[in-house]
Amino acid sequence: MPANAPLDPLVALAGGLLIGLAAAFLLLFSGRIAGISGMFARVTGIADSGTPRKDALAFVLGLPIGAVIVNLWIRQPEIVVTSSVPLIIAAGLLVGFGTRMGNGCTSGHGVCGVSRLSPRSLAATASFMLTGFVVVAVARHLIAGA
Amino acid sequence: MRQTFIALVTGILFGAGLALSDMVNPARVLAFLDIFGAWDPALALVMVGAIIPSAIAYQFTRKMNGPVFETKFFVPENRIIDRQLIIGGAIFGAGWGLAGYCPGPAMAGMVFGDWQPFAFVAAMFAGMWLHRLSNDGFARRKAAI
């Protein structure tokens with residue numbers, strides 16, 4: 001596996017702060033949870049209720065805009081994707097199905113829910129972190145490393 | 001209109017945070033999940049950084065009558081931990097560990113010129129659609145009984 005150059009911890013923390021500020025901003029001004037899987041489901045018409053559709057669309061469009069701004073003026077992220085096509089498709093299917101079934105992902109449960117100590121979000125976060133660790137351990141150290 | 005603007009600004013800030021913290025790089029995410037390998041703590045720092053302002057804002061809401069541009073807060077009040085939540089979370093985590101993409105970074109990452117985030121987002125849509133189909137089917141079977 002190619003190792004990443006270590007990320008300056010302050011940069012990681014600053015990126016996290018921006019994400020947290022985003023969540024805080026949406027909550028204080030519109031009263032909504034910045035859950036990305038839920039917003040995506042609203043935009044695509046998969047979810048029938050939640051954030052108004054045009055607001056969800058504005059949010060989802062903002063994500064790549066924000067990434068472009070950082071890329072242009074602050075730092076260019078180095079992107080390394082080693083997964084094969086079938087693996088990426090399988091991953092997408094699982095993430096789509098799982099986030100609907102569990103009502104959220106890393107943003108809605110992991111950031112917003114954990115911030116307010118929601119028992120459901122704490123449980124969901126523990127669940128996805130655990131299987132994330134297990135899948136990587138199996139893929140890298142049992143299958144690839146064998 | 002004001003809410004749409006707020007949502008756009010939120011998305012931009014969020015996407016900027018994901019790019020700045022390198023969460024748009026699946027290799028960085030996988031290195032965090034690789035606790036038996038060369039563990040990379042970046043994602044944990046991102047989580048800590050994100051939770052601080054978000055938690056402070058949530059405490060603030062307790063003293064507010066409502067959000068600035070809305071009549072009430074739309075914060076989920078369900079506290080029941082059920083099988084759907086845990087199994088759904090587990091399925092999501094498995095997909096996350098498989099390629100290192102979760103929904104936000106995949107969408108923000110669409111601008112870096114690779115095809116992979118597009119393939120992932122298309123498959124994610126299909127996965128959500130399958131869930132909706134299976135749920136509708138389940139509801140129909142339940143109604144038929």
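Within every chain, numbering begins at 1; the chains are lettered A, B, ... in the order of the sequence lines, protein sequences first and strands thereafter. Keep in mind that the numbers below use all heavy atoms, side chains included, and drop hydrogens, waters and symmetry copies.
Here the closest non-hydrogen pair linking B:P103 and A:S37 is CG-CB, 4.0 Å. Minimum interatomic distance between B:F36 and A:A137 (heavy atoms only, all atoms of both residues): CD1-CB, 3.7 Å. B:A123 approaches A:I89 most closely through the heavy-atom pair CB-O, 3.4 Å. Residues B:V46 and A:A12 approach most closely at CG2-O, 3.5 Å, considering heavy atoms. The two residues B:V111 and A:P64 have their closest heavy-atom pair at CG1-CB, 3.4 Å. Of all non-hydrogen atoms in B:M128 and A:F40, the two that sit nearest each other are SD-CD2, 3.5 Å.
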- Residue pair B:F125, A:I46: steps toward the side chain to side chain contact (heavy atoms under 4.5 Å, CB included) verdict: CA-CA 9 Å; B:F125 170 70; A:I46 294 205; 3.6 Å; yes
*When you look at A:H141 and B:D34, which way does the side chain to side chain contact (heavy atoms under 4.5 Å, CB included) test go after all the steps?*
CA-CA 9 Å; A:H141 302 288; B:D34 190 8; 2.6 Å; yes
- prompt: Can A:V95 and B:Y101 be said to form a side chain to side chain contact (heavy atoms under 4.5 Å, CB included), step by step?
  reply: CA-CA 9 Å; A:V95 168; B:Y101 283 118; over 6 Å; no
Checklist line | Chi angles and distances behind the side chain to side chain contact (heavy atoms under 4.5 Å, CB included) call for A:F133, B:F32 | finding: CA-CA 9 Å; A:F133 289 137; B:F32 165 79; 4.1 Å; yes
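Of all the listed residues (B:A44, B:A31, B:G66, B:A50), the one sharing the greatest number of non-hydrogen pairs under 4.5 Å with chain A is B:A50. Per-residue counts of heavy-atom pairs under 4.5 Å with chain A were compared for B:G100, B:G49, B:P117, B:P26; the largest is that of B:G49. Ranking B:M107, B:E70, B:R2 against chain A, the residue ahead of the rest is B:M107, based on heavy-atom pairs under 4.5 Å.
For B:M110, no part sits under 4.5 Å from any heavy atom of chain A, backbone or side chain. For B:V29, no part sits under 4.5 Å from any heavy atom of chain A, backbone or side chain. Only the side chain of B:F112 comes within contact range of chain A, with heavy atoms under 4.5 Å apart. Residue contact with chain A, scored on non-hydrogen atoms closer than 4.5 Å, involves the backbone and the side chain of B:V24 alike. For a residue to count as touching a neighbouring chain, one of its non-hydrogen atoms must lie under 4.5 Å from one of that chain's; by this rule B:F5 does not touch chain A. Neither the backbone nor the side chain of A:V138 comes within less than 4.5 Å of any heavy atom in chain B. A:I69 touches chain B through its side chain: at least one heavy atom from C-beta onward sits under 4.5 Å away, while N, CA, C and O do not. Interface residue B:D22: backbone and side-chain heavy atoms are both found under 4.5 Å from chain A.
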In a table with atom names and distances, give each donor-acceptor pair under 3.5 Å that connects a side chain of residues 70-81 of chain A to protein atoms at least two apart or in another chain.
from: A:R75; atom 1: NH1; to: B:A19; atom 2: O; distance (Å): 3.3
from: A:R75; atom 1: NH1; to: B:L20; atom 2: O; distance (Å): 3.2

Acceptor/donor pairs from residues 71-98 of chain B side chains to any protein atom, 3.5 angstrom cut, sequence neighbours excluded:
from: B:N78; atom 1: OD1; to: B:I80; atom 2: N; distance (Å): 2.9
from: B:D82; atom 1: OD1; to: B:L85; atom 2: N; distance (Å): 3.1

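Side-chain contact between A:R116 and B:R62 is absent, with no heavy atoms from C-beta onward closer than 4.5 Å. Looking at heavy atoms from C-beta onward, B:F14 lies out of side-chain contact with A:L18 at the 4.5 angstrom threshold.
By the side chain to side chain donor-acceptor pair (under 3.5 Å) test, A:S115 pairs with B:S54, sequence neighbours left out.
Using non-hydrogen atoms only and a strict 4.5 Å limit, the part of residues 48-56 of chain A facing chain B consists of A:D48, A:K54, A:D55.
Here the CD1 atom belonging to B:I6 is positioned 13.0 Å from the CZ atom belonging to A:F59, to the nearest 0.5 angstrom.
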